[in-house]
Number of protein chains: 2
Amino acid sequence: MKVSREQVAENRRMILDAAGRLFRERGFEAVTVAEIMQAAGLTHGGFYGYFTSKDDLIAQALAEALANSSIRADDLAGYAASYLSPGHRDDRACGCATAALAADTIRQKDSARSVMTQALEQQIERLSRIAPGRTAAQKRNAAVVNWSTMVGALILARASDDPVLSDEILADTRAWLAAQSEVQGKVRAPRKAREKTAGAR
Amino acid sequence: MKVSREQVAENRRMILDAAGRLFRERGFEAVTVAEIMQAAGLTHGGFYGYFTSKDDLIAQALAEALANSSIRADDLAGYAASYLSPGHRDDRACGCATAALAADTIRQKDSARSVMTQALEQQIERLSRIAPGRTAAQKRNAAVVNWSTMVGALILARASDDPVLSDEILADTRAWLAAQSEVQGKVRAPRKAREKTAGAR
DNA sequence: TGTACATCAGTGAACGCGCGTTCACTGATGTAC
DNA sequence: TGTACATCAGTGAACGCGCGTTCACTGATGTAC
């Protein structure tokens with residue numbers, strides 16, 4: 001049964017969304033094409049009308065998931081507080097696609113790897129704007145390290161079976177990044193203002 | 001054909017070694033039982049004489065791979081220099097099992113997850129001994145953050161398609177950890193001694 | 001020490017299963033008049 | 001605006017394939033005498 005052009009666009013969005021969520025939750029390999037199509041409300045046969053292969057979908061769904069990060073903040077401490085929250089740790093399906101899929105992407109085709117690399121570069125640029133440091137080079141250096149720290153901490157917090165250890169990893173890393181933000185970034189800001197910013201979600 | 005008891009022990013070691021290497025290189029799911037047995041010089045049929053299932057092997061091979069980290073150093077800067085070297089980045093099969101498999105392990109059975117959690121706790125304790133800080137709590141906090149940073153940086157450096165960006169991530173994070181080690185950890189050590197230690201492999 | 005035989009590690013064919021992908025078919029859409 | 005029909009998105013059975021796992025068999029090991 002043919003379907004309207006709007007419905008086609010809507011279906012395409014549904015497939016990419018479902019794939020993005022399932023991939024982040026269970027990895028590229030463990031999720032099947034049939035499962036994604038079912039989650040999108042379709043049957044598996046129609047898949048190849050939208051994508052040329054599963055690898056094609058992986059690259060496109062990854063790009064979509066990496067672009068739609070829900071984490072937003074104007075300062076490093078606020079960003080870290082949100083990124084390293086228990087809520088983000090526990091919601092892999094809708095959380096950071098880098099933390100969920102960077103390790104998986106290393107073993108994927110070039111199409112997916114290049115998408116991940118572009119997103120990584122963009123994220124470093126974005127973090128450079130709120131990173132501590134006087135020169136542009138210092139800010140970028142700090143952004144690289146801060147991003148590594150956040151992604152690493154989220155992966156390790158998720159990897160830990162033990163909720164106490166997992167919470168410790170998140171809390172320690174949050175505190176560290178907040179301190180970074182304080183000491184190096186905003187030496188001139190008044191104390192009250194700083195505390196407000198750092199405490200905000 | 002029956003085989004001597006020593007040969008059985010040797011074969012077991014070969015299977016665990018091959019599995020550890022292949023898993024680190026390509027992930028748990030992409031590697032097949034037959035492939036592992038072939039890499040160990042055996043045929044796939046014999047597998048279930050050694051392990052009850054692939055999941056059983058995953059847990060045991062992960063424990064083995066996590067225990068046999070080749071990275072050793074007496075100070076943080078030296079450890080970071082080794083851990084964040086291009087050589088370690090490029091040799092996934094023999095490198096850090098945490099960086100290679102932590103994200104994969106999140107989606108594995110409890111047996112593997114508990115192995116990873118134990119290794120994580122041990123590594124934090126180990127790093128606490130060489131971490132900067134005055135109190136034990138400060139040292140442990142720093143160890144948690146430093147480990148998150150190293151694992152995150154290695155994963156991101158591997159994820160990057162672009163060798164320039166990849167090298168930048170390694171170099172920036174190495175420099176950062178060396179600075180951490182300098183500023184907070186060894187304020188009392190004579191300058192010459194510090195430089196020697198930090199430069200060592 | 002030498003011999004006879006029970007044990008059991010390793011082999012490879014075979015199992016059921018689910019994967020990614022293909023394809024003939026269906027029927028609503030959207031265009032031509 | 002209404003009607004006729006070509007288009008093509010979606011369906012579900014079917015494809016070949018490779019997976020994890022099983023099992024009857026083989027023949028070297030290692031024990032009992």
*Does a salt bridge link B/Glu168 with A/Arg140, judged by any charged N lying under 4.0 Å from a carboxylate O?*
yes
*In the strands shown, is C/dT26 matched to any nucleotide by a Watson-Crick or G-U wobble pair with both distances under 3.5 Å, and which?*
D/dA9
*Is A/Arg107 salt-bridged to B/Asp104, cutoff N-O under 4.0 Å?*
yes
*Which part of the nucleic acid, if any, lies within contact of B/Gly45, taking any heavy atom under 4.0 Å across all strands shown: a base, the sugar-phosphate backbone alone, or nothing?*
base
*Between B/Arg12 and B/Gln60, a side-chain donor and acceptor under 3.5 Å*: yes
*Residues B/Asp167, B/Arg89: salt bridge by 4.0 Å N-O rule*: yes
*What closest approach, in Å, do A/Ile130 and A/Asp74 show between heavy atoms, and which atom pair accounts for it?*
CG2-O, 3.1 Å
*List the atom of A/Ala18, the atom of A/Ala40, and the distance in Å for their closest heavy-atom pair.*
CB-N, 4.2 Å
*On DNA chain C, which is the earliest and which the latest nucleotide, 5' to 3', with an atom closer than 4.0 Å to a heavy atom of chain A?*
C/dC19 to C/dT31
*Pair B/Glu35 + B/Arg26, salt bridge at N-O below 4.0 Å*: yes
*In terms of the nearest nucleotide of DNA chain D, which residue is placed more toward the 5' end: B/Val3 or A/Val8?*
A/Val8
*Base-pairing mate for C/dC17 - Watson-Crick or G-U, with both contacts under 3.5 Å*: D/dG18
_Within residues 12-26 of chain B, residues whose heavy atoms come under 4.0 Å of DNA chain D_ = none
*Take B/Lys54 and B/Gly46, find for each the nucleotide of DNA chain D with the closest heavy atom, and name the residue whose nucleotide sits nearer the 5' end.*
B/Lys54
_Who pairs with D/dT3 - Watson-Crick or G-U, where each distance is under 3.5 Å_ = C/dA32
*Scan A/Phe47 against the nucleic acid and name what it touches under 4.0 Å (heavy atoms): base, sugar-phosphate only, or nothing.*
nothing
_Restricting to non-hydrogen atoms, name the atom on B/Ala159 and the atom on A/Thr117 that form the minimum distance, rounded to 0.1 Å._
O-OG1, 3.7 Å
